[in-house]
Amino acid sequence: MPKKTVNFVLAILAVVTIALAPLVVGKMILRAYGMRFGNEEMRSNADRYLVRAERILAEAVSALRDVDRRNGGSCATNDLVLLGETTARSQFLRRLGVVDRQGYAMCLYPAPAARRGAVLPPVAEGDRQVTLTLLDPERVTDAAPGTLMVAWRSANGARLVAEVAAAALDLDPGPEYLRVVRHVVVTIDGSKTWVAIGQSPSGGGDGEMIRAVARSATFPVEVMVEVPAAAVLELVTPLEITLSVATMAAGVVLGGIVFWMFFRPVAEVDDEFLTALQREEFKPFYQPVMNIDTGRIEGCEVLVRWVKPDGKVVSPGAFMTYAETSGHVFEMTRQLMRKTREELGPLFGDHPELKISINLFAGHFDDRRILEDIVSIFEGGRISYDQLVFEVTERYPLRDIDKARKIIAEMHVLGCRVALDDTGTGHGGLAYLQQLGIDIVKIDKMFIDAMGTDLGASTIVDVLVELANSLGMGIVAEGVEREDQLQRLREKGVTAAQGYIFAPPLPGKMFIELASALLGEGEGTPAAEAGGPEDRQAA
Ligand SMILES: Nc1nc2c(ncn2[C@@H]2O[C@@H]3COP(=O)(O)O[C@H]4[C@@H](O)[C@H](n5cnc6c(=O)[nH]c(N)nc65)O[C@@H]4COP(=O)(O)O[C@H]3[C@H]2O)c(=O)[nH]1
């Protein structure tokens, strides 16, 4: 499978993972939130039932204590009136009465339709003052199921009793979703069910339950409320749907970006660029650098051209940024240096006074690899180190000035020199000149163009020339196109220049012919006819 396809599949897998991660994490968070919400809701429900149960029991005990104080457990007619009045005043008590030690009712008021047998167990040793007993409906015919007998032991051994109906605990269940599914059980003495509301959901299935239990500190009463977790989690379903839709949308957008990254034209450029590097389609063109006083050739600047298989020549402006950002520039520069050594070696070997300027980019001054490349290519060859000039552009900042200074120092140790290209146009300015150990200043075409018309540009050229002279640096003017520019440069004391006035960047063979002619070694070639199609047009 092609590497690009493998990378694309990997990237899509990464997108799926990136898109799924928030979905999975989001669902976990929503579930945790739902469960926490459900737990809190159940706890508050259980508390509400317990508070109600305690209130009922407290009211019953208080009523019984009051009756006891006033009649001491008698069933006399007057006392029955007292029982009736107390019952009528209470919101929860259905009936009051007196029960003997054996558990048989001596009187109950209001009187039930019928009663059979004991309503309470016999008094036992160690019984507490207050006992709770579930009334057997068989014993008191009109007692509803779940009727609770609250008994108060009187001083005379009889027990005053209060009947409390289970309906007193029929509370509003709270949120809508709890109405059907909740299950509430109120137990007394730890095991006897007083009230059971709703079906036990656990009986109907084995799904997860949210359960809360509340115990009374005053009475032997316990409340358990439970609900299926699924019922609570339904509350977060709309949020889950929103999350899923958002995640899908994010996944589609991310997938689109990945697709675009892999299949946008630049990917083709990358393949094309690599193929071009493999086929060595990046060729050095050479632009002569002339001594404008003597007319002698001083050397050349190497300028890359992409010569495509169909003969089309592409200028560096179209691909240098990509070459630099992709890192292909390192291999490209190696190829250019090798080709330069091959093409110019014989001529430059015979003329050691000629110099070759080679463009490097900011990244080259961040990495000692460039020094290894220079040595491996030029060591022992016909072009000596002191014929080499490496150009560092001021247009783009150097990442690590200190490192760049060290690399330049090592170039100096080899015997190479370093030129500052595009001086005055960019970031480093005079600081670069001072800190980097620059040997040659190249004045940008921008200032050469403006020299005749713009006083500022003219002044900058003056300053650069003066500075270069005082620091013992060489100076080269770039992009000279007209005779008047040459004249001005001469007046300012500039002696070296390059530009279309002499020749555009030329392919190796043409440059060698031109240079040989200028050196008096062969036929000259008119500059305007030289160069590839692009450079000829430019010239
Ligand atoms: N209009 C006009 N232009 C002139 C004249 N004389 C020279 N030029 C052009 O001016 C540019 C001078 O090169 P540069 O400032 O180093 O600027 C270079 C340099 O920064 C970069 N470059 C070129 N070759 C390489 C290379 O091999 N490596 C690196 N890292 N950068 C390179 O690309 C830039 C552009 O290169 P080119 O397109 O070859 O453009 C070259 C050259 O063809 C003239 O009289 N008139």
Checking S90 against E59: is there a side-chain donor and acceptor pair closer than 3.5 Å?
yes

L277 versus M332: any side-chain heavy-atom pair under 4.5 Å?
yes

Passes side chain to side chain donor-acceptor pair (under 3.5 Å), E163 versus T147? Steps please.
CA-CA 6 Å; E163 245 183 74; T147 295; 4.7 Å; no

Side-chain contact, heavy-atom cut-off 4.5 Å: Q91 with R55?
yes

Donor-acceptor pair, side chain of T193 and main chain of V195, under 3.5 angstrom:
no

Could you check whether the rings of F282 and F319 sit parallel, tilted or perpendicular, using 30° and 60° as the cut-offs?
tilted

Answer yes or no: is there a side-chain heavy-atom contact under 4.5 Å between M149 and L132?
no

If you look at every heavy atom in L436 and A404, which pair is closest and at what distance?
CD2-CB, 4.0 Å

ring-ring contact (aromatic ring centres under 6.0 Å, His included) between H364 and F330, worked out
CA-CA 8 Å; H364 277 120; F330 292 101; 5.0 Å; yes

Got a second to check how far Q278's CD is from E331's CD, nearest 0.5 Å?
9.5 Å

Side-chain contact, heavy-atom cut-off 4.5 Å: V392 with I438?
yes

Residues two or more places apart in sequence or in another chain: which of them pass disulfide (SG to SG under 2.5 Å) with C416?
none

Nearest non-hydrogen partners of E208 and M35, listed with the distance
OE2-CE, 3.2 Å

Under 3.5 Å, side chain of R211 to main-chain N/O of M224, donor-acceptor pair present?
no

State the OG1-CG distance between T87 and L93, to the nearest 0.5 angstrom.
6.5 Å

Using the side chain to side chain contact (heavy atoms under 4.5 Å, CB included) rule, take V184 and R182 through it: C-alpha gap first, then chi angles, then the decisive distance, then the call.
CA-CA 7 Å; V184 184; R182 94 203 138 128; 4.0 Å; yes

Taking the side chain from R341 and the backbone from I377, do they hold a donor-acceptor pair closer than 3.5 Å?
yes

Under 3.5 Å donor-acceptor, N359 side chain and F390 backbone:
no

Is it true that a side-chain atom of T325 and a backbone atom of Y322 form a donor plus acceptor pair closer than 3.5 Å?
yes

Could you measure the distance from the CG atom of D68 to the OG atom of S74? Nearest 0.5 Å is fine.
11.5 Å

Looking at CD of E226 and CG of N45, how far apart are the two atoms once the value is rounded to the nearest 0.5 Å?
12.0 Å

Cation-aromatic face contact K308/W306, 6.0 Å, 45 degrees
yes

Minimal non-hydrogen separation, E281 against P309, with atom names:
OE2-CG, 3.4 Å

CE of M42 to CG of D47, rounded to nearest 0.5 Å, is 11.5 Å

Evaluate the side-chain proximity of E391 to I358: yes if any heavy-atom separation is below 4.5 Å, no if none is.
no

Tell me yes or no: between the side chains of E394 and T423, is some donor less than 3.5 Å from an acceptor?
no

Stepwise side chain to side chain contact (heavy atoms under 4.5 Å, CB included) check, L169 with V186
CA-CA 9 Å; L169 275 174; V186 184; 4.0 Å; yes

Under 3.5 Å donor-acceptor, R95 side chain and P110 backbone:
yes

Taking Y109 for its side chain and C75 for its backbone only, find out whether a donor-acceptor pair lies under 3.5 Å.
no

Mind checking whether L388 and I374 have side chains closer than 4.5 Å, heavy atoms only?
yes

Is the backbone of D402 close enough, under 3.5 Å, to the side chain of D400 for a donor and an acceptor to pair up by distance?
yes

Start with the C-alpha distance between V225 and H183, add both sets of side-chain angles, then the distance that settles side chain to side chain contact (heavy atoms under 4.5 Å, CB included), and finish with yes or no.
CA-CA 6 Å; V225 181; H183 180 224; over 6 Å; no

R36 vs R31 side-chain heavy atoms within contact, under 4.5 Å
no

Side-chain touch M337/D373, heavy atoms, less than 4.5 angstrom:
yes

For A162 and A60, the nearest pair of non-hydrogen atoms, with its separation, is CB-CB, 4.3 Å

M106, CE: over 12 other non-hydrogen atoms inside 6.0 angstrom:
yes

When rounded to the nearest 0.5 Å, the distance separating CG of L20 from OG1 of T247 is 8.0 Å

Taking all non-hydrogen atoms of both residues into account, name the closest pair between L83 and C107 and its distance.
CD1-SG, 4.4 Å

Going by the angle between their ring planes, with limits at 30° and 60°, are F37 and Y33 parallel, tilted or perpendicular?
parallel

Looking only at atom types and distance, does a side-chain atom of E222 sit under 3.5 Å from a main-chain N or O of G190, one as donor and one as acceptor?
no

Please test V150 against L64 for side chain to side chain contact (heavy atoms under 4.5 Å, CB included), starting from the C-alpha separation and ending with a verdict.
CA-CA 9 Å; V150 183; L64 293 174; 4.1 Å; yes

Side-chain (R52) to main-chain (A168) donor-acceptor, under 3.5 angstrom
yes

Which pair of heavy atoms, one from R368 and one from I407, lies closest together, and at what distance?
N-CD1, 4.1 Å

